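Scroll down for the structure; my scribbles are underneath it.
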Number of protein chains: 2
Amino acid sequence: MAQTSEREILKKLRADGHKLTPQRRAVVRALWLSHRHMTPAQVHTAVCEEREDVGLVTVYRTIRMLAEMDLVCEISTDGHQRTYLLRRPPEHHHHLVCSVCGRVVDFTSNDVERLQQRLASETGFSIESHIVEFVGRCVACQQRCQTTDTAH
Amino acid sequence: MAQTSEREILKKLRADGHKLTPQRRAVVRALWLSHRHMTPAQVHTAVCEEREDVGLVTVYRTIRMLAEMDLVCEISTDGHQRTYLLRRPPEHHHHLVCSVCGRVVDFTSNDVERLQQRLASETGFSIESHIVEFVGRCVACQQRCQTTDTAH
DNA sequence: TTGAGTGCAAAGTGTTTGCATGATC
DNA sequence: GATCATGCAAACACTTTGCACTCAA
């Protein structure tokens, strides 16, 4: 169901009829190495540290490809900026994002599944997915900025 | 805490040092009349039905002003499009969005509050807000497109 | 009267697309 | 070697900003 290694992801790409170019490998590697959600621009920066001949456009295209294959998880941390994280087991997770440093902690909860069932039966909706995201300050950032009020 | 009438919103704007122009009244009214999340463009369209001399820019500026005063609730239905809904009591709510027609159903749940407390104590985060959003198909859209798989 | 608010057009974002070149299978 | 992928630049959609004019207080 979900891949457990970088190599398996590449295998899936090939199985899906995509070519394994060095650029794609690099993008997958960058995503694989990061355990935080990244914007396409951040992925691009990371990729370029390894090899400079990768265009931002290719990063976008590769991410889109991965998203279509459901291999990455997309969230919009701020509404105008999408970030991506490789899906790894355990499968379904939610996010707790630090509003100061951007750190993302994943968590799972069956409260959410229960709520989903309740909603489905109450509204008649056929629920396909959900976004559950908490925003706050991680311990480190709380200590660092005790007085600041908003970190927009 | 939360305003219960259009007039109270205008009062808050004035109290916050903003002038009550006809354009602003029109934007507030459009938001007030709608019980669905709207994009700035949709708000603009609605406003223009009443008076044509309101620019899209003004809608953006007014919405931003309302957002800064925390009088509207912003969500990004799709990641690249923000929608707004006037905050009305009961205060905190979540969303169930139809992926086909875009209809938004609000709901409240104390499961979410409970989960938030659990997370705070487990991770040490000081949680400031959360986004809980379910996406699915409403009853009407389920009937309309029984065979279709994706609606993008 | 006067500073805040407006509309227009232009500039900024982040993202996608057209096209010729280049690489994978 | 045919096809798919790349990179560049240009196009896009949404949002913000600069500026002269206008209006609410």
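Keep in mind the model is a prediction, meaning the values are calculated, not measured.
Chaining together hydrophobic side chains whose heavy atoms lie under 4.5 Å apart places B:Leu56 alongside B:Tyr60.
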Would you tabulate the side-chain donor-acceptor contacts of residues 20-30 of chain B under 3.5 Å, counting partners in other chains and residues two or more places apart, or write 'none'?
unit_1  : atom_1 : unit_2  : atom_2 : d
B:Thr21 : OG1    : B:Arg24 : N      : 3.1
B:Arg24 : NH1    : B:Lys19 : O      : 3.0
B:Arg29 : NE     : B:Glu6  : OE2    : 3.0
B:Arg29 : NH2    : B:Glu6  : OE1    : 3.2
B:Arg29 : NH2    : B:Glu6  : OE2    : 3.3

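When DNA chain C is scanned 5' to 3' for any atom under 4.0 Å from a heavy atom of chain A, the first and last hits are C:dG14 to C:dC25.
Annotation: salt bridge (Lys or Arg N to Asp or Glu O under 4.0 Å) contacts of A:Arg14 (sequence neighbours excluded): none. Partners of A:His95 under the ring pair (Phe, Tyr, Trp, His ring centres under 6.0 Å) rule, at least two apart in sequence or in another chain, are A:His37, A:His93. Remark: B:Gln116 pairs with B:His130 by the side-chain hydrogen bond (donor to acceptor under 3.5 Å, both in side chains) rule, at least two apart or across chains. Contacts of A:Arg118 classified as salt bridge (Lys or Arg N to Asp or Glu O under 4.0 Å), with partners at least two apart in sequence or in another chain: A:Glu122. For B:Asp53, the salt bridge (Lys or Arg N to Asp or Glu O under 4.0 Å) partners at least two apart in sequence or on another chain are B:Arg51. B:Glu50 meets the salt bridge (Lys or Arg N to Asp or Glu O under 4.0 Å) test with no other residue; sequence neighbours excluded.
Contacts between residues 42-51 of chain B and DNA chain D, defined by a heavy-atom separation under 4.0 Å, are absent.
Between the CE atom in B:Met38 and the CG atom in B:Leu31 there is a gap of 6.5 Å [rounded to 0.5 Å].
In the helix from C:dT1-D:dA25 to C:dC25-D:dG1, the end axes, each obtained as the rotation axis mapping the C1' atoms of four pairs onto the next four within a five-pair block, lie 40° apart to the nearest 10 degrees.
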- Per-nucleotide protein contact string for nucleotides 15-25 of chain D, where B marks a base within reach and S marks sugar-phosphate only (heavy atoms under 4.0 Å, - for neither): SBBB-----BS

